[in-house]
Amino acid sequence: MSKTIQAVRGMNDCLPSETNIWQMVESVLRRVASNYGFAEIRMPIVESTALFKRSIGEVTDIVEKEMYTFDDRNGDSLTLRPEGTAPCVRAANQNGLLYNQEQRLWYMGPMFRHERPQKGRYRQFHQFGLEAFGIATPDIDAEVISLTARLWKELGINEHVTLELNSLGSNEERAEYRDALVAFLTEREEQLDEDSKRRMLTNPLRVLDSKNPAVQEALVGAPRLSDYFGEESKEHFAQVCRRLDSLGIEYELNDKLVRGLDYYNRTVFEWVTSSLGAQGTICAGGRYDGLVEQLGGKSTPGFGFALGIERLVLMLTSLEKVNNVRPQVDAYFIMLGDSVELSAYQLAEQWRDAVPDCRLQNHCGGGNMKKQMKRADKSGAQVAIILGENELQEQKVTIKYLRGQNEQESLAFDQVPNLLEKLI
């Protein structure tokens, strides 16, 4: 007997018992993005490796350790996309969507990073991302953050998430601050762990968000990035905060929030939660005004975010926010006797024509009433529609409610669509 082939480590199946939760989450994401005027864009999952080295930064953990990179048969270096912003910029720029234009785009799909699989974090994971191009003013920063706040409200988790907010200033201001921070860290190098020592030379701002308590102690008294801001950066961030205040969106200022990608400037944000155990990020993003030009396009401001769908589904499940998720099947059609089968299939098609959004499943494979009722219950359907020889003669069906306390009833064939409408 040959060995059973298993899924690749960190790349998980999503089973039918879970997909209805995913569909609900995806539906909310699509609807809210559309409500704010964002349109869907779809990019390939394989891109040129240079795209991510130039955008994310060659000395980031993603590029150094986590990317799935390979040479194709032509010798070109290709990478399974580890994030969506750079491919979105590439696609929009390549197709002439950016120069002297405003674009509001969203995307959803699999990303790939070779990191240690853990609860809610996989090597193939799924992200929803959203990008706004061509708007340099702080109103779009606040607009996008308010969109994320609406997502949590729609999903019923707004009381379980906290918004953290910071500004990274301009690229020039950050470069000046970087020099001061490196000088500060160099004086305390013996207090840093090996990871922070390496980052001090390559990406020193990442030392600020180290989770090592000893490193955090060494950072006491470190220079603050905001002290290097000019008036323009200060006013931009103040305008973002004022708009969020006016919308009643609460936030915490976190001057150690720097984000892990090189292309961010000015406003950055994260939504964090403690509902998954240790505090974790479920959504993050910010402004990246230099990225389009960095990737070969004309200078175009941008602002966006990404969220991990696996972690969001895990959070909804742990908080028991999925009890009202629509089942895979709304109604299950039971047929008793060979003589009713052809009529039953005809009726089912008529009802599907009348109520196309209803999920009506016909019983297949034969069997007695007990067997069919067992299948109906297992399907998750709200009702069983029963057609036997007596019902066929009377042009009626028997409705048995599988959830709740409703009494069994009889309905004429032409009344069934009204029932199915109520199940949706």
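Here the structure is a predicted model, which is why all the values come from computation and not from measurement. Worth knowing before you read on, the calculation uses all heavy atoms, side chains too, and leaves out hydrogens, waters and symmetry mates. Quick note: residue numbers are just sequence positions, from 1.
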Residues in salt bridge (Lys or Arg N to Asp or Glu O under 4.0 Å) with E18, at least two apart? none
Counting the benzene-type ring for Trp, do W351 and F333 have ring centres under 6.0 Å apart? yes
Between S170 and S233, do the side chains contain a donor N or O and an acceptor N or O under 3.5 Å apart? no
Test your reading of the model: is there a side-chain donor-acceptor pair from R90 to the backbone of S48, 3.5 Å cut-off? no
Side-chain donor/acceptor of S27 to backbone N/O of Q23, under 3.5 Å: no
Step through the shown structure and confirm whether more than 12 heavy atoms of other residues, nucleotides or ligands are within 6.0 Å of NZ on K422. no
Evaluate whether atom CZ of R31 has more than 12 neighbouring non-hydrogen atoms of other residues, nucleotides or ligands under 6.0 angstrom away. yes
Taking S167 for its side chain and G169 for its backbone only, find out whether a donor-acceptor pair lies under 3.5 Å. yes
With a 4.5 Å limit on heavy-atom distance, are the side chains of E310 and Y122 in contact? yes
Pairwise distance CH2(W271) to NE2(H160) - rounded to 0.5 angstrom: 13.0 Å
Can you confirm whether more than 12 heavy atoms, excluding those of R352, are under 6.0 Å from its CZ atom? yes
R104 charged N/C atom sitting above F38 aromatic ring, 6.0 Å / 45°: yes
Among L244, V268, L257, N254, the one residue meeting side-chain contact (heavy atoms from CB on, under 4.5 Å) with L165: L244
Evaluate whether atom NZ of K234 has more than 12 neighbouring non-hydrogen atoms of other residues, nucleotides or ligands under 6.0 angstrom away. yes
Mind telling me whether F133 and Y288 have parallel, tilted or perpendicular rings, with 30° and 60° as the class edges? perpendicular
Spell out, as yes or no, whether a donor-acceptor pair under 3.5 Å connects the side chain of T281 to the backbone of C283. no
Other residues, nucleotides, ligands: >12 heavy atoms within 6.0 Å of K374 NZ: no
Indicate, with yes or no, if the rings of H126 and W22 have centres closer together than 6.0 Å. yes
Expected output: side-chain E270 to main-chain V272 donor-acceptor under 3.5 Å: no
Main-chain N/O of L423 paired to Q382 side chain as donor or acceptor, under 3.5 Å: yes
With distance as the sole test, does T300 use its side chain to make a donor-acceptor pair with the main-chain N or O of K298 at under 3.5 Å? yes
From F305 atom CZ to Q127 atom CD, the distance as rounded to the nearest 0.5 Å: 10.5 Å
